[in-house]
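Structure first, then comments.
Indexing begins at 1, ligand by ligand and atom by atom, following the structure's order. Because the structure is predicted, anything quoted here is derived from the model rather than measured.
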Amino acid sequence: MKFSLLVFIPLYLGYPIFQQLFNVDDSLSSLPDATVNKTTLQSWVNDEYNVAWNNLLRNMGNSSTCNDDDLYPGVIVASPSKVQPDYYYQWTRDSALTIRTLIHYLQDFIDSPDERFNEYQWLIEQYIWNNYKLQRLQTMSGDFTSGNTLGEPKFMVDNTPFNEKWGRPQNDGPPLRVSSILSFMKLNLTYKTGLNDSFIFNEIIKPDLGFVANNWEKESFDLWEEIQSLHFFTSLVQLKGLFDGIQYIKSNSLDLEDEFLDHLQSSYDNLKKFIEFYYVNSNANYVIETPNLFPHTRSGLDAAVLLGSIHSHDMNDLDVNIPFDIDNNYILNHLTYLTRDMKSRYPINHNLNQAVGLGRYPEDVYDGYGTSEGNPWFISTATAAEMLCKLVYKMISDKQDLVVTRANKEFFNMVLPIDDSDGFFIIKYKSKVFDELVDSLIKLSDSFLVVIKDHVDLRGGISEQFNKYHGFMEGARDLTWSYSSLLNALRWREKIIDFLN
Ligand SMILES: *[C@@H]1O[C@H](CO)[C@@H](O)[C@H](O)[C@H]1NC(C)=O
Ligand SMILES: *[C@@H]1O[C@H](CO)[C@@H](O)[C@H](O)[C@H]1NC(C)=O
Ligand SMILES: *[C@@H]1O[C@H](CO)[C@@H](O)[C@H](O)[C@H]1NC(C)=O
Ligand SMILES: *[C@@H]1O[C@H](CO)[C@@H](O)[C@H](O)[C@H]1NC(C)=O
């Protein structure tokens, strides 16, 4: 993939402005071991795109760049780091999200499959086979017959169970796996490894769907593995998993026992109603990640909310079936307030104008090794960039006028002063203000990517976090999810560039 300059906003991408705005020290880019050119956002994106792919694949068993023979085929390790911290495991959630980045590539290049395409398809199929095995392990969460083992969060890289104390269960893994695998099946590719649709559906998807339908009302640990409760991220991806499953069954006229489909349908209906009331509160005009802790222990602000939104919407007509899309006011407000909080909370953000390094949530104390103080994370910051790109994509492809009201004006005011003295303000599609707004949102998204650029290392390596005082990377090195979330953001940036050219 090649990234061209955004021709319609040449000023912004002009290097001198960047340097003033973000105080970029590009003298480092000329050091001998530098392999990514950090001079401009675009020069960095051009280099980082390939580095991120290579480093992501290095963490997958049987890939072309993997040099770790201990990783079984289809295994996606969270990070190669084995000590300080030890992330040398495969997680159901992280793997299901990472494999999506490969599936996106197939979706984008299905008409012109190249070598990469073929390798990614192979790896996705290995991932599917591997999950068939993981699902059937007896773990501390239970066994396959009862279905309880499906909530097991993590496994060793040789596919043996992890038999130590941990935050169990984590009920976001199975629905994320369902949605990822179904989105691959929808491509109708000819399988390379002897898989077939009925095997995948009956043996892998169906048990996961049953697990979601049976467990959505139950508490489990959140995606950060810290709190046992009901969480927005978990609930929303469960709803998405159920929806994708029901869609697949209906559109392929699968001959299942009616009871199973009815069970999925009623779970979807009930969970949808539950999400719509449980995660909003009259004392906050944003979605609350873990309502049980609101407001005393937690503000409810959490990058998990943004991740939940982007990972349960596919930017197509079916998105109306899942609430809290990326243009929902409660989601837009969430980004506004999280950004505002992090700007004042983390010293490295104090001098930044718009975008900042986003952490997970304000109350975070995990520093990447133990507990002290939270830091900005690459995943959170890339997620903000992706969400903004998707919003822009929606605005320019929907071709609708935009209505700014009291309910969303704080978000739009981040980039454009808007007079809503009448209570609302209509911005006509294609008007000067509309185009300015689109430009400003793209700039805002790009400035989140600039924050990432400024903190990754000179070879393009990306860890988990960057220190809130001095900005250097911390936490697990080469975090698979960091590469995946950056590549997802770059994908949507590229789609906007293509759309506008
Ligand atoms: C880095 O990128 C800048 C801007 O595109 C370019 O002028 C410069 O030549 C590049 N440096 C190297 C070492 O490639
Ligand atoms: C992946 O596995 C296949 C089948 O076991 C093997 O033929 C191939 O060489 C492996 N590829 C890599 C890059 O390890
Ligand atoms: C895949 O096959 C299904 C069922 O035959 C069809 O409805 C769908 O449009 C196909 N999808 C693609 C991407 O070709
Ligand atoms: C589908 O794959 C499974 C597992 O390899 C195999 O047992 C089954 O016979 C296959 N079914 C068809 C219809 O090819």
Side-chain angles (χ1 to χ4, degrees), residues 2-7 9-22 24-51 53-77 99 102 114-136 157-159 181 184-185 188-207 252-256 446 449-450 453-454 456-460 497:
K2 88 179 193 322
F3 289 91
S4 50
L5 280 176
L6 288 175
V7 286
I9 47 163
L11 252 188
Y12 178 67
L13 288 171
Y15 171 54
I17 291 192
F18 259 137
Q19 201 174 29
Q20 285 163 23
L21 275 178
F22 303 107
V24 179
D25 178 8
D26 69 301
S27 57
L28 291 173
S29 296
S30 53
L31 288 178
D33 62 348
T35 58
V36 294
N37 182 343
K38 290 192 178 190
T39 306
T40 65
L41 176 61
Q42 192 60 49
S43 69
W44 173 72
V45 166
N46 292 340
D47 292 341
E48 184 69 43
Y49 179 77
N50 290 315
V51 174
W53 268 119
N54 286 342
N55 292 1
L56 182 149
L57 293 179
R58 193 175 297 154
N59 293 346
M60 297 185 67
N62 198 227
S63 80
S64 53
T65 57
C66 181
N67 50 22
D68 180 349
D69 292 339
D70 294 334
L71 297 186
Y72 277 35
V75 171
I76 306 175
V77 71
I99 208 69
L102 281 72
D114 55 5
E115 225 172 280
R116 240 181 203 169
F117 186 101
N118 287 317
E119 183 187 1
Y120 297 175
Q121 186 189 337
W122 173 266
L123 293 172
I124 293 161
E125 292 187 32
Q126 298 293 342
Y127 160 86
I128 295 172
W129 279 115
N130 196 58
N131 276 274
Y132 171 77
K133 294 180 210 150
L134 296 178
Q135 284 177 313
R136 283 153 182 81
V157 299
D158 65 358
N159 289 340
I181 297 177
F184 171 68
M185 291 168 77
N188 298 341
L189 296 166
T190 307
Y191 292 107
K192 293 177 185 291
T193 61
L195 283 168
N196 57 64
D197 283 357
S198 64
F199 175 76
I200 301 178
F201 185 81
N202 290 315
E203 304 299 326
I204 304 174
I205 306 276
K206 210 176 154 207
N252 289 279
S253 318
L254 292 192
D255 195 14
L256 298 169
D446 273 359
L449 293 174
V450 168
K453 165 178 93 69
D454 287 349
V456 307
D457 74 26
L458 298 173
R459 292 191 189 87
I497 293 171

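Using a 4.0 Å cut-off to heavy atoms of Ser43, the atoms of ligand 1 that qualify are 2 (O), 5 (O). Per-residue contacts place Ser63 under 4.0 angstrom from the following atoms of ligand 2 (heavy atoms of the residue considered): 13 (C).
For the 3.5 Å distance criterion, the side chains of Asn130 and Asn159 qualify, holding a donor opposite an acceptor.
Contacts between Pro73 and ligand 2, counted as non-hydrogen atom pairs separated by less than 4.0 Å, are absent for every part of the residue.
Although no hydrogens or angles enter the test, the distance criterion places no donor-acceptor pair under 3.5 Å between the side chain of Lys453 and the main chain of Glu48.
Not a single heavy atom of Cys66 lies less than 4.0 angstrom from ligand 2.
Going from atom CG of Asp47 over to atom CG of Asn37 covers 6.0 Å, rounded to the nearest 0.5 Å.
No more than 12 heavy atoms of other residues, nucleotides or ligands shown are found within 6.0 angstrom of OH on Tyr72. Within 6.0 Å of CG on Asn196 lie more than 12 heavy atoms contributed by other residues, nucleotides or ligands.
Residue-level contacts of ligand 4 at the 4.0 Å heavy-atom threshold are Trp129, Gly194, Asn196, Phe199.
Under the side-chain contact (heavy atoms from CB on, under 4.5 Å) test applied with Ile99, the options Tyr120, Phe184, Tyr127 reduce to a single match, Tyr127.
At under 3.5 Å, a nitrogen or oxygen of Asn62, whether backbone or side chain, sits near a nitrogen or oxygen of ligand 2.
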